[in-house]
Amino acid sequence: AQSVTQLDSQVPVFEEAPVELRCNYSSSVSVYLFWYVQYPNQGLQLLLKYLSGSTLVESINGFEAEFNKSQTSFHLRKPSVHISDTAEYFCAVSTNSGYSTLTFGKGTMLLVSP
Amino acid sequence: KAGVTQTPRYLIKTRGQQVTLSCSPISGHRSVSWYQQTPGQGLQFLFEYFSETQRNKGNFPGRFSGRQFSNSRSEMNVSTLELGDSALYLCASSSGQGAETQYFGPGTRLLVL
């Protein structure tokens, strides 16, 4: 079985400051890693994913995450946040079992203030 | 392409009743997964349907069931509702091939009184 730990339930930052949202996972098999974002009263949107290859993956809106196998981590970073980045962020894993099942962390609420 | 749609968006029921939620996946997607989201437990996997067959199931009681039709639309049913079933129910569709991206609908918010 897999599990995901998001160490911070809430991260308050000021606009234009850098941010890191932490994610650690546990699995006995190889995993694929995802970050999803959820805005209020909406479903989840994929932010970025790591399947294989380069351990640094980027999204179109300035977020990036780095897969670290030795530390079993997939932390999400952004060098400069905007008010519009305020949302809940979920880290998730799946395996290459052929199923589409995602195991999610509890989520981190990113609160950006002016 | 149209996104994943879920109906209804909001629902209020009383304990003991049953409820049916519907999910229409993105055209061409054959996999539909259902998740329950609550403040206490977070996002938990309910089940996945692929080509009308349930191929994976989470750790939920038998009161939670689902099905998938030949057009890939899916329904989930909860019988004998309990207060703890109040949640946001999300469905996600994908091609069903392993790590392909899952696309989520806006969810159905169920309140059980």
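Below, chains carry the letters A, B, ... as their sequence lines are ordered, and counting in each starts from 1. Since the structure is predicted, the reported quantities are computational estimates derived from the model, not experimental observations. Only heavy atoms go into these numbers, but all of them, side chains included; no hydrogens, no water, no symmetry mates.
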Rounded distance (nearest 0.5 Å) linking atom CZ of Phe67(A) with atom CZ of Phe74(A): 8.5 Å
Under 4.5 Å from any heavy atom of chain B - which part of Gln45(A): neither
Interatomic distance, Lys57(B) atom NZ to Phe45(B) atom CZ [nearest 0.5 angstrom]: 9.0 Å
Inter-chain contacts: residues 13-26 of chain A against chain B, heavy atoms under 4.5 Å: none
Heavy-atom check, side chain of Val4(A) versus side chain of Phe34(A), under 4.5 Å: no
Donor-acceptor pair, side chain of Tyr36(A) and main chain of Ala92(A), under 3.5 angstrom: no
Residue pair Cys91(B) / Val4(B), side-chain heavy-atom distance below 4.5 Å: yes
Leu44(A), part contacting chain B, at a heavy-atom distance under 4.5 Å: both
Phe90(A) and Phe104(A) aromatic ring geometry - parallel, tilted or perpendicular at 30°/60° bounds: perpendicular
N/O donor-acceptor pair under 3.5 Å between Ser27(A) side chain and Val29(A) backbone: yes
Residue selection (most heavy-atom pairs with chain A, distance under 4.5 Å) from Gln41(B), Arg109(B), Gln44(B): Gln41(B)
Pairwise distance OG1(Thr55(A)) to CG(Leu33(A)) - rounded to 0.5 angstrom: 11.5 Å
Under 4.5 Å from any heavy atom of chain A - which part of Tyr35(B): side chain
Donor-acceptor under 3.5 Å (Gln68(B) side chain, Glu52(B) main chain): yes
Thr108(A) (side chain) donor-acceptor with Asp8(A) (main chain) under 3.5 angstrom: yes
Neighbours of chain A found in residues 69-90 of chain B - heavy atoms under 4.5 Å: Leu88(B), Leu90(B)
Donor-acceptor contact below 3.5 Å, side chain Gln6(A) vs main chain Gly107(A): yes
Thr86(A) (side chain) donor-acceptor with Leu111(A) (main chain) under 3.5 angstrom: no
Heavy-atom proximity to chain A below 4.5 Å, by part of Gln6(B): neither
